[in-house]
Enquirer: 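Here it is: the structure, laid out below.
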There are 2 protein chains.
Amino acid sequence: MDQATALFGEAGYRGTSLREIAARCGLSHPGLLHHFPTKESLLLAVLEHREEVDREGLATGAGLLSGLVDLVGRNAERRGIVELFTVLSAEATAPDHPAHGWFADRYRRIVAELEAAYAEARAGGDLHPDVEPATAARQLVALMDGLQIQWLLGDPEIDMAAAVAAHLRQQGHHGRTGPEDAASDQG
Amino acid sequence: MDQATALFGEAGYRGTSLREIAARCGLSHPGLLHHFPTKESLLLAVLEHREEVDREGLATGAGLLSGLVDLVGRNAERRGIVELFTVLSAEATAPDHPAHGWFADRYRRIVAELEAAYAEARAGGDLHPDVEPATAARQLVALMDGLQIQWLLGDPEIDMAAAVAAHLRQQGHHGRTGPEDAASDQG
DNA sequence: GTCTATACATCGATAGAC
DNA sequence: GTCTATCGATGTATAGAC
């Protein structure tokens with residue numbers, strides 16, 4: 001699955017062959033198909049596994065916003081993972097793609113979680129009052145996705161985490177739980 | 001080239017065959033290869049053509065920022081074009097992709113133009129002073145790209161233009177040339 | 001300028017031996 | 001559980017007739 005992750009990220013699902021994945025694992029492609037009956041099942045297994053790993057240790061609620069900055073920072077040292085999700089989410093845009101439903105569900109869930117996080121932050125006074133949680137959630141997801149394209153495409157030195165942090169700061173989010181206990185959190 | 005545009009957008013470069021493009025044009029695939037000697041040449045011709053069409057009529061300087069909101073709004077009615085650039089820019093992330101250099105150059109140029117536009121807006125007082133033009137340029141490009149993924153993937157009803165406009169507003173950009181003549185522009 | 005025919009590689013998946 | 005061998009489909013590209 002590690003090899004499949006790397007290859008799906010480099011060449012996409014359609015551009016990767018079972019033979020090449022199998023070769024990197026030191027077996028033949030029927031050998032690979034013994035463990036994953038179809039290419040599609042391998043793809044979904046890879047996606048599920050990566051999603052599970054990425055989500056563990058990620059904060060919920062208002063802390064999710066700051067937690068994402070850390071996640072973006074970690075991703076900047078794992079090009080393969082960024083490639084996987086960037087290339088496949090675009091490829092899965094086609095309605096008949098094997099992972100279309102999976103990505104559609106994933107985005108719905110992430111946007112909903114972020115909307116809740118923004119709403120919680122705003123209620124705690126840690127957000128400009130005129131920032132709409134629903135809009136901000138979509139904007140934040142979009143910003144992260146788009147930065148990954150630029151990062152992968154030409155300029156690995158751009159600081160994705162800093163750009164996301166700057167965006168949150170501009171929305172009036174400072175990572176505190178609220179103005180009333182800012183002193184203790186900053187200390 | 002219209003058919004190639006649609007198919008490259010739906011299935012990507014690797015997922016599209018010359019036979020299918022040719023079939024939609026009512027000719028055989030050698031007939032198509034008579035006009036474009038290789039598949040790669042067809043891809044680059046499609047990209048150049050679309051880029052040329054998209055850029056005509058687009059403002060320069062500080063007006064570019066507001067002009068992009070209109071462009072995003074127009075794109076919301078041309079799914080094929082959005083698919084083309086979203087799918088191919090992610091696919092071209094791979095360093096050995098035929099369009100990798102083309103997209104890398106395109107992003108460099110767009111980010112540079114936007115940085116100049118932001119700098120001009122800030123100099124005219126139409127931007128929060130603490131918005132860095134270089135960072136803001138990358139953020140704006142990323143936001144537009146990311147919104148397209150969400151729009152394509154599951155929710156064609158999200159208003160990309162409104163989200164971009166909200167982002168610019170939050171940066172303190174109001175589409176005027178400067179505070180001194182706001183009254184005349186708003187009238 | 002467009003066709004038929006074809007060369008040659010590679011794809012996902014299956015059959016069956018071990 | 002892994003292999004060799006193979007199927008049928010499809011890929012880009014070329015040759016040569018018209």
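Reminder, nothing fancy here: chain letters follow the sequence lines and each chain counts from 1. As the structure is a prediction and not an experimental result, all values here were calculated from the model.
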Enquirer: If you only use heavy atoms from C-beta on, which nucleotide in C:dC11, D:dA13, D:dG1 is closest to the side chain of B:Lys39?
Expert: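 For the B:Lys39 side chain, the nearest candidate turns out to be D:dA13.
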
Enquirer: What's the CZ-P distance between B:Phe36 and C:dG1, to the nearest Å?
Expert: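 Going from B:Phe36 (CZ) to C:dG1 (P), I get 13 Å.
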
Enquirer: Are OP1 or OP2 of C:dT10 and a side-chain N or O of A:Ser17 less than 4.0 angstrom apart?
Expert: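 So the side-chain polar atoms of A:Ser17 never come under 4.0 Å of the phosphate oxygens OP1 or OP2 of C:dT10.
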
Enquirer: How do A:Glu20 and B:His34 order along DNA chain C: which one's closest nucleotide is nearer the 5' end?
Expert: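 By nearest-heavy-atom nucleotide position, the 5'-most residue is B:His34.
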
Enquirer: Set out, line by line, the N/O atom pairs under 3.5 Å between protein and nucleotides 3-7 of chain C.
Expert:
unit_1 : atom_1 : unit_2  : atom_2 : d
C:dC3  : OP2    : B:Ser28 : N      : 2.7
C:dC3  : OP2    : B:Ser28 : OG     : 2.9

Enquirer: When A:Leu68 is tested against each of A:Val164, A:Ile110, A:Leu140 for side chain to side chain contact (heavy atoms under 4.5 Å, CB included), which residue passes?
Expert: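 One option only clears the test, and that one is A:Leu140.
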
Enquirer: So do A:Thr93 and B:Arg79 actually touch side chain to side chain, heavy atoms under 4.5 Å?
Expert: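 With C-beta onward as the side chain, the pair touches.
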
Enquirer: Measure the acute angle between the ring planes of B:Phe103 and B:Phe85, then classify it against the limits of 30° and 60° as parallel, tilted or perpendicular.
Expert: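 Ring orientation of B:Phe103 relative to B:Phe85: perpendicular.
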
Enquirer: Mind checking B:Leu33 for me? I need base, sugar-phosphate or nothing, with any heavy atom below 4.0 Å counting as a touch.
Expert: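 Counting heavy atoms under 4.0 Å across all strands, the contact made by B:Leu33 includes a base.
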
Enquirer: Atom CD1 of A:Ile21 to atom C1' of C:dG12: distance rounded to whole Å?
Expert: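 So the CD1-C1' distance, A:Ile21 to C:dG12, works out to 11 Å.
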
Enquirer: Where along residues 7-15 of chain A does a heavy atom fall under 4.0 Å from DNA chain C?
Expert: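 Listed by number, there are none.
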
Enquirer: Distance check needed: D:dA13 P versus B:Leu43 CG, whole Å only.
Expert: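 So the CG-P distance, B:Leu43 to D:dA13, works out to 12 Å.
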
Enquirer: Among residues 84-98 of chain A, which contact DNA chain C at a heavy-atom distance under 4.0 Å?
Expert: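 Hits under 4.0 Å, by residue number: none.
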
Enquirer: Would you indicate whether the side-chain heavy atoms of B:Leu147 and B:Val72 approach each other to under 4.5 Å?
Expert: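 They are not in side-chain contact.
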
